[in-house]
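Worksheet for the structure shown next.
The figures that follow rest on heavy atoms only: side chains count, while hydrogens, waters and symmetry mates do not.
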Amino acid sequence: MDLKNKVAVITGASGAIGSATAHRLAQAGARIVVGYNSDPDRADAVVKALPGSRHRAIRIPMLETPLIREAAAIVERDFGRCDVLVNSAGFTRMIPHADLEALTDDLVDSIFAANVRGPFATIRAFAPLMRRSGDAVIVNISSVAAIVGTGSNIAYGGSKAALDTMALSLARVLGPEIRVLTVSPAAVDTAFVPGRTTAMVEKVAATTPLKRVVKADEVAQAVMAAVVNLTASTGWVIPVDGGKLVG
């Protein structure tokens with residue numbers, strides 16, 4: 001896919017993986033919609049740092065479906081198209097897996113709402129516009145926690161497993177106009193998980209065959225591969241985990 005003059009919408013684009021992905025896509029010629037939840041100043045800073053021009057920040061909160069639909073309408077009105085959608089927004093908390101009582105109903109609901117319902121609502125809102133492109137792609141950012149059952153808490157891994165399965169179903173119903181792929185990282189040293197230290201991430205990374213922490217930009221490179229190179233693939237999960245799944 002040639003990204004010149006294409007439009008890419010990235011939710012959670014002010015986070016480490018989202019902003020790295022925005023930079024990669026912008027560098028390839030795409031116009032970027034930097035989706036954010038609660039920090040417009042941070043989103044604007046991401047926009048200003050992107051190569052190219054005509055990028056824009058738009059609030060796309062995962063828990064507010066009407067605002068997600070409004071964002072899709074704004075993109076249609078102001079850009080006229082959406083060729084790439086990257087679902088990078090998410091939510092979690094550090095809860096020891098053995099501490100079942102700490103994983104309250106409210107927290108479970110919040111995790112699944114942000115990590116499953118939100119991406120689905122975003123895809124649902126943008127799909128009509130993306131179909132018109134005729135050659136569009138959706139990339140969901142998941143986690144190897146979905147497969148190995150690790151991660152920040154039990155519900156988080158469950159929510160990412162649901163995201164992976166949902167992508168399989170969406171790949172069937174949105175093709176051939178829209179491909180759906182999933183990038184599944186592990187041991188990325190970002191501020192996404194409150195309370196998780198660099199030492200914790202390094203400890204996990206040390207158990208993998210490559211024995212190093214995955215960089216946010218390496219996840220972004222996988223997103224780029226899904227968008228630009230894997231043009232005959234849909235429905236698949238692409239691990240970016242240092243070999244954790246085979247180690």
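- In the hydrophobic clustering of ILVMFWY residues, with side-chain heavy atoms under 4.5 Å counting as a link, Val139 and Tyr36 come out apart.
- Here Ile178 contributes atom CD1 and Leu181 contributes atom CG; the two are 12.5 Å apart, rounded to the nearest 0.5 Å.
- Of all heavy-atom pairs spanning Thr65 and Ala121, the tightest one is OG1-CB, 3.8 Å.
- Val213 and Met200 fall into different hydrophobic clusters, where Ile, Leu, Val, Met, Phe, Trp and Tyr side chains are chained together by heavy-atom contacts under 4.5 Å.
- No donor-acceptor distance shorter than 3.5 angstrom exists from the side chain of His55 to the backbone of Ala49, with no hydrogens or angles considered.
- Hydrophobic clustering (ILVMFWY, side-chain heavy atoms < 4.5 Å, transitive): Val201 and Ile141 are in distinct clusters.
- Inter-residue side-chain proximity for Asn140 and Ile123 is flagged as met; some heavy-atom pair is nearer than 4.5 Å.
- Side-chain N or O atoms of Thr165 include none that pairs as donor or acceptor with a backbone N or O of Ala162 at under 3.5 Å.
- The two residues Val47 and Ala57 make their nearest non-hydrogen contact at CG2-N, 3.7 Å.
- Taking every heavy atom of both residues into account, Leu129 and Ala72 meet most closely at CD2-O, 4.4 Å.
- Within the 4.5 Å cutoff, the side chain of Val84 has no heavy atoms near those of the Lys6 side chain.
- Here CG of Asp241 is found 8.0 Å from CD1 of Ile147. Values are rounded to the nearest 0.5 Å.
- For the atom pair Thr11 OG1 and Asn87 CG, the distance stands at 4.5 Å (nearest 0.5 Å).
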task = List the steps, then state whether side-chain contact (heavy atoms from CB on, under 4.5 Å) holds for Arg132 with Glu76.
result = CA-CA 11 Å; Arg132 277 185 254 160; Glu76 181 174 13; 2.6 Å; yes
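- Between Leu3 and Leu25 the shortest side-chain heavy-atom distance falls below 4.5 Å.
- Remark: Lys48 NZ to Leu50 CG distance equals 12.0 Å, nearest 0.5 Å.
- Between Ser88 and Ile17 the shortest heavy-atom distance is OG-CG2, 4.0 Å.
- Counting all heavy atoms, side chain and backbone alike, Cys82 lies closest to Phe126 at SG-CD2, 4.0 Å.
- Here the rule is side chain to side chain donor-acceptor pair (under 3.5 Å) with Asp164, and of Ser142, Ser159, Ser143, Ser184 only Ser142 fits it.
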Which pairs would a plain distance check flag for residues 225-240, meaning a side-chain donor or acceptor within less than 3.5 Å of a matching protein atom at least two apart in sequence or in another chain?
residue, atom, partner, partner atom, Å
Thr234, OG1, Val180, N, 2.9
Thr234, OG1, Val180, O, 3.4

ask   = Where do Thr150 and Val204 land on the side-chain contact (heavy atoms from CB on, under 4.5 Å) test, with the steps shown first?
value = CA-CA 10 Å; Thr150 56; Val204 173; over 6 Å; no
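- For the atom pair Arg59 CZ and Ile74 CD1, the distance stands at 11.5 Å (nearest 0.5 Å).
- A 4.5 Å side-chain heavy-atom check between Arg117 and Leu63 finds at least one atom pair inside the cut-off.
- In this structure, Asn5 and Arg54 have side chains that are in contact, with non-hydrogen atoms separated by less than 4.5 Å.
- The backbone N or O of Ser14 sits less than 3.5 Å from a side-chain atom of Arg42, completing a donor-acceptor pair.
- Without hydrogens or angle criteria, Lys211 side chain to Gly242 main chain gives no donor-acceptor distance under 3.5 Å.
- Counting heavy atoms from C-beta outward, Met130 and Leu174 have side chains that stay 4.5 Å or more apart.
- Asn37 places no side-chain N or O within donor-acceptor distance of the main-chain N or O of Pro61, the cut-off being under 3.5 Å.
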query = Run the side-chain contact (heavy atoms from CB on, under 4.5 Å) check on Leu107 and Arg93 step by step: do they pass?
reply = CA-CA 8 Å; Leu107 183 54; Arg93 286 285 182 269; 4.1 Å; yes
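- There is a path of hydrophobic side-chain contacts, each under 4.5 Å, that joins Val188 to Ile10.
- Side-chain atoms of Arg56 and Arg31, non-hydrogen and from C-beta on, never get closer than 4.5 Å to each other.
- Of all heavy-atom pairs between Val75 and Ile58, the closest is CG2-CD1, 4.0 Å.
- Under the 3.5 Å distance criterion, the side-chain polar atoms of Asp83 are left unmatched by any main-chain donor or acceptor of Ala8.
- No chain of hydrophobic side-chain contacts below 4.5 Å, direct or via other Ile, Leu, Val, Met, Phe, Trp or Tyr residues, connects Leu67 to Val9.
- In this structure a side-chain-to-backbone donor-acceptor pair under 3.5 Å is missing from Arg212 to Ala205.
- Distance CG/Asp105 to OG/Ser110: 10.5 Å, rounded to 0.5 Å.
- Side-chain contact between Leu170 and Ile138: absent, with no pair of heavy atoms (C-beta onward) separated by less than 4.5 Å.
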task = For Thr92 and Asn153, run side-chain hydrogen bond (donor to acceptor under 3.5 Å, both in side chains): C-alpha distance rounded to whole Å, both residues' side-chain angles, the deciding distance at 0.1 Å, then the answer.
result = CA-CA 8 Å; Thr92 192; Asn153 62 67; 3.1 Å; yes
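- Applying the side chain to side chain contact (heavy atoms under 4.5 Å, CB included) test between Ile154 and each of Leu100, Ile95, Ile111, Val108 identifies Leu100 as the sole match.
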